[in-house]
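Whatever order the structure lists ligands and atoms in, that order sets their numbers, starting from 1. Numbers here are sequence positions counted from 1.
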Amino acid sequence: MELIDGKKLAAEVLLALQDKIAQENVKPHLVIVLVGDNEASQIYVRNKLKAAEKVGIVAEVVCLPADVSQQVLGDKIVELNHDNAVHGIVVQQPLPEGLSIDEVVEKIAPEKDVDGFGISNIGKLVQNLGGGIIAATPKAVLNMLVSTGVALAGKHAVIIGRSKIVGRPLAALLLNHDCTVTVAHTKTRNLADLVRTADIVVAACGQPKLVKKDWLKKGAVVIDVGISRVGGRLCGDVDFENAAEVCSFISPVPRGVGPMTVAMLLENTFEAFNLQRRKG
Ligand code: NAD
């Protein structure tokens, strides 16, 4: 078994990005909109800020109170869209109850939608048109798979989870890379049997240690997107210690998809910057 070290891969991506930004002597600008005071969100935002600073991206947090109205939140996004000094906008999820994330995301101009969650970018991904911004976590998973050197074409990939931010865009992305894709969810029957048919397993369901060793085909490549806190420790969706005995490659939690997702977000910000620069 070989480990897919997301932290190491992310460091390589960030270093390359840092070089490019320094060579071009530019200052891409990312704005993270944070609503309310969710503790986990604050940690994620801090990680993004730290990584951005390292590569030379100016990252700024716009904090809004938990009781902000949908209208005021939307107006803030529109204001950022019109600000030529801002190249990327992300809205940290989850939003406090009562606010619609879909409505906010649709307000973000597609060329500044560096999370790639808006309908325009998702549409380009689903239709395999290119030219759009690809959602950071699916892009992280793809890069981690590519890093193994295993050819993707024709492989059966089972994705556990069908969320808008991971499972669905990842299904499109792997399909665009010629995998045969199955998406499993809470209503899927015989999940263990289905996973046993997979060459590639991506677990993104938020159920700690759901995927067991005996669910995996020998030599399967396993990417664990899940992040749960169990007894104060971070834990993925795969029973890592046991599963590692049968996989060819497996990503851990922590040091897996998490750091790569941050790196992909910053790569997307630089891409968005270039897109806007070309448009003038
Ligand atoms: P979500 O709650 O929006 O979606 C979970 C999906 O998993 C749903 O589609 C549901 O149908 C499916 N599911 C849940 N239990 C299942 C089960 N027992 N069997 C089969 N399917 C099941 O979650 P999300 O936002 O997609 O995130 C999933 C996990 O990935 C969470 O742990 C989250 O913290 C983590 N995550 C990590 C990163 C990262 O950067 N590493 C990014 C996003 C999400």
Novice: Would you mind listing which atoms of ligand 1 come within a distance below 4.0 Å of any non-hydrogen atom of Ile165?
Specialist: 25 (O)

Novice: When you measure from atom 31 (C) of ligand 1 to every protein heavy atom, which one gives the shortest distance, and what is it?
Specialist: Gly206 CA, 3.7 Å

Novice: Would you tell me which option among Val253, Asn47, Val225 has the nearest heavy-atom contact to atom 38 (C) of ligand 1?
Specialist: Val225

Novice: Just wondering, more than 12 heavy atoms not from Lys212 lying within 6.0 Å of its NZ?
Specialist: yes

Novice: Among all protein heavy atoms, pick the one closest to atom 19 (N) of ligand 1 and tell me residue, atom and distance.
Specialist: Leu191 CD2, 3.7 Å

Novice: Should Asp239 and Lys213 count as an ion pair when the cut-off is N to O under 4.0 Å?
Specialist: no

Novice: Distance to 0.1 Å, residue and atom name: give those for the protein heavy atom nearest to atom 32 (O) of ligand 1.
Specialist: Ile227 N, 2.9 Å

Novice: What do we get for Arg162 next to ligand 1 when only non-hydrogen atoms under 4.0 Å count, side chain, backbone, both or neither?
Specialist: both

Novice: More than 12 heavy atoms of other residues, nucleotides or ligands under 6.0 Å from CD of Glu53: is that the case?
Specialist: no

Novice: Within the 4.0 Å heavy-atom shell around Gly258, which atoms of ligand 1 are there?
Specialist: 40 (O), 41 (N)

Novice: For atom 7 (O) of ligand 1, which candidate among Pro208, Cys205, Pro259 holds the nearest heavy atom?
Specialist: Cys205

Novice: Do any nitrogen or oxygen atoms of Thr186 lie less than 3.5 angstrom from nitrogen or oxygen atoms of ligand 1?
Specialist: yes

Novice: So how far is it from Leu145 CG to Leu170 CG, rounded to the nearest 0.5 Å?
Specialist: 8.0 Å

Novice: Can you sort out the partners of Cys179 under side-chain contact (heavy atoms from CB on, under 4.5 Å), two or more places apart, ordered by chain and number?
Specialist: Leu152, Ala157, Leu174, Val181, Ile200

Novice: Is Thr137 touching ligand 1 with its side chain, its backbone, both, or neither, if touching means heavy atoms under 4.0 Å apart?
Specialist: side chain

Novice: Any idea which atoms of ligand 1 are less than 4.0 Å away from a heavy-atom of Val257?
Specialist: 41 (N)

Novice: Are Val91 and Val62 joined in one hydrophobic group, where the rule is that I, L, V, M, F, W and Y side chains link up if heavy atoms are under 4.5 Å apart?
Specialist: yes

Novice: For the residue pair Ala66 and Leu99, what are the closest heavy atoms and their distance?
Specialist: O-CD1, 4.5 Å

Novice: A quick test of your reading: do over 12 heavy atoms of other residues, nucleotides or ligands sit less than 6.0 Å from NZ of Lys155?
Specialist: yes

Novice: Please write down residue, atom name and distance for the protein heavy atom closest to atom 21 (N) of ligand 1.
Specialist: His185 C, 3.2 Å

Novice: So which atom in Ile122 and which in Phe117 form the shortest heavy-atom distance, rounded to 0.1 Å?
Specialist: CG1-O, 3.6 Å

Novice: Which residue supplies the protein heavy atom nearest to atom 3 (O) of ligand 1, what is that atom called, and how far is it?
Specialist: Ser163 CB, 3.4 Å

Novice: Tell me whether ligand 1 is touched by Gly167 - counting only heavy atoms on the residue side and a distance under 4.0 Å.
Specialist: no

Novice: Within a distance under 4.0 Å of any heavy atom of Ile160, pick out the atoms of ligand 1 and give their elements.
Specialist: 20 (C), 21 (N)

Novice: Please report whether atom 26 (O) of ligand 1 has a protein non-hydrogen atom at a separation of less than 4.0 Å.
Specialist: yes

Novice: Which protein non-hydrogen atom lies closest to atom 6 (C) of ligand 1, naming both residue and atom, and how far is it?
Specialist: Gly161 CA, 3.6 Å

Novice: Kindly give the heavy-atom pair with the smallest separation between Ser248 and Gly219, and that separation in Å.
Specialist: OG-O, 2.7 Å

Novice: Take atom NZ in Lys48; do more than 12 heavy atoms of anything else shown fall under 6.0 Å from it?
Specialist: yes

Novice: For Asp193, look at atom CG and say whether over 12 heavy atoms of other residues, nucleotides or ligands are found less than 6.0 Å away.
Specialist: yes

Novice: Out of Val141, Val166, Leu210, Leu170, who is nearest to atom 43 (C) of ligand 1 when you count heavy atoms only?
Specialist: Val166

Novice: Which residue and atom name correspond to the protein heavy atom nearest atom 40 (O) of ligand 1, and how close is it?
Specialist: Thr261 OG1, 3.1 Å

